[in-house]
Every structure is written in C-alpha cells, then in structure tokens.
Chemist: 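Before we start, here is the structure in question, set down as structure tokens.
In what follows, chains carry the letters A, B, and so on, assigned in the order in which the sequence lines appear, proteins first and then strands, with residues in each chain numbered from 1. What's counted below: heavy atoms across the whole structure, side chains too, no hydrogens, waters or symmetry copies.
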Amino acid sequence: MNKEFLSSERRRYLKEQKRRKRMILLTQVLIILLFLGLWELLAQLGVIDSFIMSSPSRIGKTLLNFQNNGLLLHISTTVAETVVGFALGTLIGTLLAVVFWWSEFLAKVSEPFLVVLNSLPKVALGPVIIIWVGAGTEAIIVMALAISTIVAVLEMLGGFLATDRELLRMARTFGASRMQSFLKIVLPYNIRTLFNSLKVNIGLSLVGVITGEFLVSKAGLGYLIVYGGQVFKLDLVMSSVIILAVLAALLYRGVLLLERLVVRRLSHTS
Amino acid sequence: MTQGLLPLKTQKGGSALSGANKLTMSSQLLTVERLALKYQSGNGETEALKNISFSVSEGEYISIVGPSGCGKSTLLSIIAGLLEPTAGRVLLDGLPVDPASGGIGYMLQRDNLLEWRSIYKNVLLGLEIQGKLTEESREYAITLLKNYGLYEFRDKYPAQLSGGMRQRAALIRTLATRPRLLLLDEAFSALDYQTRLSVTDDVYRILRKENKTTLMVTHDIPESISMSDRVLILSRRPAVIQSVCETTFSDDRTPLRCRGDSRFSTYFNFIWKELDVHE
Ligand SMILES: Nc1ncnc2c1ncn2[C@@H]1O[C@H](COP(=O)(O)OP(=O)(O)O)[C@@H](O)[C@H]1O
Ligand SMILES: [Mg+2]
C-alpha cells in the first residue's frame with residue numbers, strides 16, 4: 001500500500017482503529033494494576049491474611065530471590081519437559097493423523113478407541129505410567145503425551161478429511177498419487193488447522209507436565225507448587241502460578257511466531 | 001426439418017456408431033466403446049451411463065450436451081481414467097488410458113487454483129505432479145502465460161484475479177502438461193454471462209491455436225454450437241447418445257461469429273428438440 005494514495009477518510013479510519021487497539025491494551029493493563037493494587041492494599045490493611053493469600057510484594061520478593069530459591073532450575077525443568085512433550089506429541093499426533101487419513105479402514109477401526117481415550121481423565125493413568133516407565137522425567141513426558149496427543153490426532157484428522165474434495169479431484173486429473181495429493185494439497189490446505197492444533201497442544205502439554213510433576217518429580221514448577229503447599233509457603237505457590245501463566249503465554253506466542261514464519265515461507269516458495 | 005439440407009445425423013442408442021468405429025479406429029485419437037456405468041451406494045444403484053460409443057479424431061472439437069444429472073461428468077471422469085466403467089472401454093491412440101501418463105487433460109468446472117500458490121506456481125502444478133518440470137516445460141508454461149495475457153500476473157495470488165483470468169490460469173495449468181486430448185466439464189458455467197462470452201472466445205482461440213483436440217461438456221446449447229464441430233446429445237439418465245449434430249460454419253469461425261450465423265438457429269432448434277427437456 002502506498003501511503004500517498006490513502007484518502008483522508010481512510011487515514012481517519014486507520015487512526016481510529018489504532019486508537020481503539022491502544023484503548024483495549026490500556027484497559028487490560030489497568031485491570032491488572034487495579035487487581036494487584038487492591039490485593040496489596042487489602043493485605044497491608046490486614047483484611048486478608050497474607051500468610052494464606054500471599055501478596056504482590058511478597059511474590060515480588062520471592063521472584064527477585066531467584067538465585068537462592070532455585071526458581072530458574074524449576075522454570076527451565078518445566079519448560080524443557082513441556083517443549084519435549086509438545087514436540088513429541090505433535091510428531092506422533094501428526095503421524096497418526098496421516099496414517100488415518102491414508103487408510104479409511106484404520107480410521108474407522110480406531111474411531112471408538114480414540115473417542116474413549118479422549119474423554120478418559122488421563123490423571124487416572126498416573127500410577128500405571130509410573131509403574132511402566134518409572135518415577136522420573138519419562139513419566140512426566142508420557143503424561144504430557146497422554147493428555148495432548150489424542151486431541152492433536154482428532155483435530156488434525158478432522159482437518160485432513162475436510163480438505164476440499166474438488167481440489168483433490170483436480171490433483172487426480174493430473175494423475176497425482178496419494179502421497180502427492182497429501183503433500184501438495186492436503187498439508188498446505190490444512191496449515192491453519194495444523195497450527196490451531198499446535199496452539200491447543202502447547203497448552204495441553206503444559207497441563208500434562210504440571211500434572212506429571214504433581215505425581216512424580218524433584219524439580220519443576222509443579223513440584224514447587226506441591227512443595228510450597230505442603231510447607232505452607234504460599235508465596236512460593238503463588239509465584240509459581242504466576243510464572244506458569246507467563247510461561248503459557250510465552251509458549252503460545254512462540255507457536256504464533258512459528259506459524260507466521262511457516263505461512264510466509266509456504267506462500268513464497270511452495 | 002429436411003435431413004438432406006443439413007449435416008445432421010440422428011441415431012438411437014450407440015450400436016450404429018460403434019460399428020462405424022471399428023472401420024476407422026486406427027485414425028481416431030479417442031475411441032469410446034460401449035461404456036456403461038452403475039453407481040453403487042448405500043441407498044441403491046444408479047445407472048448413469050448405458051452403452052455409450054463414439055470416437056474423436058485429431059483436432060476435432062466436440063461438445064456433449066444433455067439434461068442435468070444424465071451422466072456427462074461421469075462420462076468425462078471415465079474417459080480421464082478417474083473412474084472404472086462397469087462395462088466397455090476407452091482407448092487413447094488405441095491404448096487404455098492412464099491418468100498419470102498425462103495424455104488427457106481434464107479441466108473441471110471450478111478453477112481449483114490453490115490459494116497459497118502464486119499464479120506461476122499454480123500453472124506448474126500439473127507438470128510438478130507428472131514429474132515433467134524441466135527447463136523446457138517451464139519455458140512453455142511461461143510462453144502460454146505470455147500468449148494468454150497472464151504473464152504480468154504470474155506473481156499474484158488467485159484471490160487477486162478476476163473469474164475469467166482464473167479460468168484461463170486453470171486452462172494454462174492443464175495445457176502446460178501438453179495433453180493429446182482436452183476434456184472440459186462445464187468449465188465456464190461458474191462465470192457471469194458477459195465474462196463467459198469473452199472467455200469462451202479466448203479459450204476457443206487458444207485451443208485452435210494450440211490445435212487441441214477437445215471434448216467439452218456443457219448445458220448451454222448456444223455454447224456447444226458456437227464452439228464445436230460436432231455436438232453429441234445425450235438422453236436422460238441412464239444416458240445414451242440420443243443424436244449427433246454436425247455443425248458447419250465458415251473457416252474463420254469464432255464463437256461470437258457463429259452466434260450471428262444464419263445456420264445457428266437451425267442447429268439450435270434441432271438440439272433443443274432432441275434434448276427433449278420439455279415434458
Ligand atoms: N459418486 C456417486 N455415487 C452415486 N451416484 C452418483 C455419483 N456421482 C454421480 N451420481 C449420480 O449419477 C448421475 C449422473 O451424474 P453426473 O455425471 O454428475 O451428471 P451430469 O454431469 O450430467 O449433471 C446423477 O444422477 C448423480 O446423482
Ligand atoms: Mg456435471
């Protein structure tokens with residue numbers, strides 16, 4: 001778009017849009033500040049017990065004390081487990097979705113199993129997982145996989161199967177093999193679905209990792225939360241929860257960034 | 001209607017023609033022999049085609065008209081090798097059709113351009129799939145883009161093109177693979193009337209220039225007369241060839257000129273009657 005060619009109405013419209021965006025952001029920041037301020041005030045006044053509820057200033061102190069309380073180790077442990085679980089879950093989920101797209105027979109056969117597995121609360125598998133793979137990092141990763149993979153399979157398979165039939169027919173008029181149809185039509189057609197599934201998946205992987213850390217762990221934010229609760233260090237618990245929230249947002253951003261990169265590359269070179 | 005005055009042939013069923021085919025088979029590009037097809041599905045059996053026979057020689061432009069749902073698309077899909085017939089066979093140059101060989105180019109009603117590819121990359125899709133992407137075939141695709149007014153738009157995306165241009169891009173995608181026979185399935189019916197008239201003129205010019213043998217399905221009688229040397233009229237489902245209308249116009253014919261020709265309405269009336277849509 002050339003800037004000189006914008007009409008004054010257009011410019012006014014764009015300016016208005018920008019203003020609205022800024023207003024929304026400002027309001028969001030204000031809400032957070034208001035919440036924190038109120039929390040701090042009530043804690044200071046003794047209306048709420050800061051031993052049980054903690055307070056922004058105590059959380060701040062805990063966060064600043066990261067060199068002594070090993071926060072960094074716990075954060076990096078959780079991040080590493082989440083990333084590994086996410087990557088494995090995506091890989092396995094995509095592979096399974098491709099297999100089920102390939103063979104309608106296998107898809108039909110596995111459909112009821114997938115549905116049941118999907119609605120089963122995975123925490124129930126905790127003891128089994130620990131017995132099978134041991135009470136270590138492996139158990140945490142497996143828990144993350146258990147929670148995220150099935151959803152990924154269902155989501156991606158849904159996308160693959162909803163690919164525009166006419167596009168596939170067009171590819172067949174050129175004699176496309178199933179492999180070519182998949183690579184040239186189905187996959188690029190579903191790039192949005194794929195990333196939407198990744199966005200859900202990164203969140204679910206984090207859920208899985210924290211659940212796993214609740215069950216078995218010596219480090220990680222999940223461990224910190226459980227430990228903090230047991231010794232009544234609510235500052236530690238609250239700090240962990242807040243870090244977790246920030247972490248979830250950052251990981252989501254990461255996926256968004258990856259999506260933008262891939263989509264741009266795809267429409268330039270494919 | 002006096003048969004002697006006009007080169008019209010009427011025959012019921014396909015047996016008469018298949019007899020004739022046997023004599024001239026060697027000089028025919030495409031031979032369709034006693035095709036029949038029944039669709040099977042959960043709620044029953046649909047007989048779409050019943051004993052269809054005809055042949056097409058090199059350089060001919062043939063139209064197929066018929067009531068909607070009579071089996072026209074089915075017929076093209078079988079000829080293209082996408083669908084197994086229940087009976088009968090299709091020969092291209094005397095050999096069974098194989099979609100991967102690229103002998104037949106099949107253009108569907110929708111342009112089916114891939115929105116995530118530039119026009120240039122879209123045009124190369126057929127070549128890519130058939131593993132024919134060479135320096136020479138790229139050149140040819142570029143020549144086609146240049147000749148048919150899309151070269152300046154090669155880096156644009158389909159969404160940025162008009163309906164007529166998209167349709168031309170889809171045609172170039174098919175032509176780039178250099179098929180011996182081109183199949184068009186209502187390729188213009190998604191366009192509005194004005195665009196359609198000019199696009200059919202363009203396409204006619206393109207196909208004559210590239211000397212493409214073409215088999216076109218349409219439900220538009222004027223379109224079928226103005227573009228083709230021969231019109232095959234199908235009956236209702238299950239389709240048989242109801243009759244054949246050979247059209248003769250001056251040598252410098254174009255679709256638009258044909259529409260103004262005095263013979264046009266005679267052909268139109270004949271096909272209209274044979275189509276038997278009013279009952
Ligand atoms: N895959 C299919 N399964 C069952 N019936 C079909 C299928 N495809 C088409 N038909 C039926 O076969 C008949 C012919 O279809 P088609 O060849 O698309 O007609 P046309 O192109 O002449 O409009 C129609 O009655 C249609 O409902
Ligand atoms: Mg049709």
Side-chain angles (χ1 to χ4, degrees), chain A residues 1-2 5 94 98 101-102 104-105 107-109 111 156 159-198 255-270, chain B residues 73 76-83 97-133 155-160 169-171 173-179 181-187 190:
Chain A
M1 281 283 146
N2 208 324
F5 291 140
T94 311
V98 173
W101 176 81
W102 211 278
E104 203 191 323
F105 179 75
K108 283 267 186 289
V109 167
E111 195 183 291
M156 285 191 211
F160 290 168
L161 292 178
T163 306
D164 190 337
R165 287 283 172 107
E166 278 292 295
L167 294 184
L168 290 170
R169 217 160 92 88
M170 179 273 292
R172 284 226 298 141
T173 66
F174 292 109
S177 64
R178 211 145 161 74
M179 177 75 126
Q180 285 176 320
S181 293
F182 184 77
L183 291 178
K184 297 205 183 286
I185 312 282
V186 176
L187 201 58
Y189 185 87
N190 281 289
I191 210 77
R192 296 275 167 200
T193 321
L194 218 108
F195 275 100
N196 282 340
S197 146
L198 292 196
V255 174
L256 273 186
L257 215 68
L258 191 70
E259 174 176 21
R260 222 168 289 158
L261 228 78
V262 169
V263 168
R264 191 171 320 146
R265 233 194 113 66
L266 192 78
S267 43
H268 274 310
T269 61
S270 77
Chain B
S73 300
L76 287 196
S77 293
I78 295 174
I79 293 173
L82 300 184
L83 201 61
V97 180
D98 167 18
S101 73
I104 291 184
Y106 186 5
M107 194 171 151
L108 305 171
Q109 177 170 350
R110 264 180 41 192
D111 56 56
N112 289 310
L113 295 174
L114 305 179
E115 298 295 336
W116 57 87
R117 283 176 173 237
S118 67
I119 294 304
Y120 179 55
K121 294 283 179 188
N122 259 296
V123 161
L124 296 185
L125 182 74
L127 291 169
E128 253 175 56
I129 290 176
Q130 293 176 357
K132 291 189 200 156
L133 210 52
D155 293 325
K156 296 249 183 288
Y157 286 82
Q160 295 167 289
L171 179 63
R173 177 180 61 199
T174 304
L175 290 182
T177 63
R178 279 186 261 226
L181 172 71
L182 183 66
L183 307 177
L184 303 176
D185 190 357
E186 311 214 15

Chemist: Looking at every heavy atom in both Lys184(A) and Leu125(B), which two are closest together, and how far apart are they?
Modeler: CD-CD1, 3.9 Å

Chemist: Under 4.5 Å from any heavy atom of chain A, what part of Leu108(B) do you find: side chain, backbone, both or neither?
Modeler: side chain

Chemist: Between chain A and each of Ile104(B), Asp98(B), Leu114(B), count heavy-atom pairs under 4.5 Å; write down the option with the most.
Modeler: Leu114(B)

Chemist: Answer yes or no: is there a side-chain heavy-atom contact under 4.5 Å between Met170(A) and Leu113(B)?
Modeler: no

Chemist: Given the rule in the side chain to side chain contact (heavy atoms under 4.5 Å, CB included) test, do Arg169(A) and Tyr106(B) qualify, once you have shown the distances and angles that lead to the verdict?
Modeler: CA-CA 10 Å; Arg169(A) 217 160 92 88; Tyr106(B) 186 5; 3.7 Å; yes

Chemist: With a cut-off of 6.0 Å (strictly less than), are more than 12 heavy atoms of other residues, nucleotides or ligands near CZ of Arg178(A)?
Modeler: yes

Chemist: Working to the nearest 0.5 Å, report the span between CE of Met107(B) and OG1 of Thr173(A).
Modeler: 10.5 Å

Chemist: Holding to side chain to side chain donor-acceptor pair (under 3.5 Å), I want the full list of residues that pass it with Arg192(A), two or more places apart in sequence or in another chain.
Modeler: Glu259(A)

Chemist: To the nearest 0.5 Å, tell me how far Glu166(A) CD sits from Asp111(B) CG.
Modeler: 10.5 Å

Chemist: Rounded to the nearest 0.5 Å, what separation is found between the CZ atom of Arg110(B) and the CG atom of Asp164(A)?
Modeler: 4.0 Å

Chemist: Applying side chain to side chain donor-acceptor pair (under 3.5 Å), can you list everything that pairs with Thr193(A), at least two apart in sequence or on another chain?
Modeler: Asn190(A)

Chemist: Heavy-atom distances under 4.5 Å only: say whether Ser101(B) touches chain A with side chain, backbone, both or neither.
Modeler: neither

Chemist: How long is the gap from CZ on Phe174(A) to CD on Glu128(B), to the nearest 0.5 Å?
Modeler: 11.0 Å

Chemist: Please flag which part of Ile185(A) lies under 4.5 Å from any non-hydrogen atom of chain B: side chain, backbone, both or neither.
Modeler: both

Chemist: Got more than 12 heavy atoms from elsewhere within 6.0 Å of NZ, Lys132(B)?
Modeler: yes

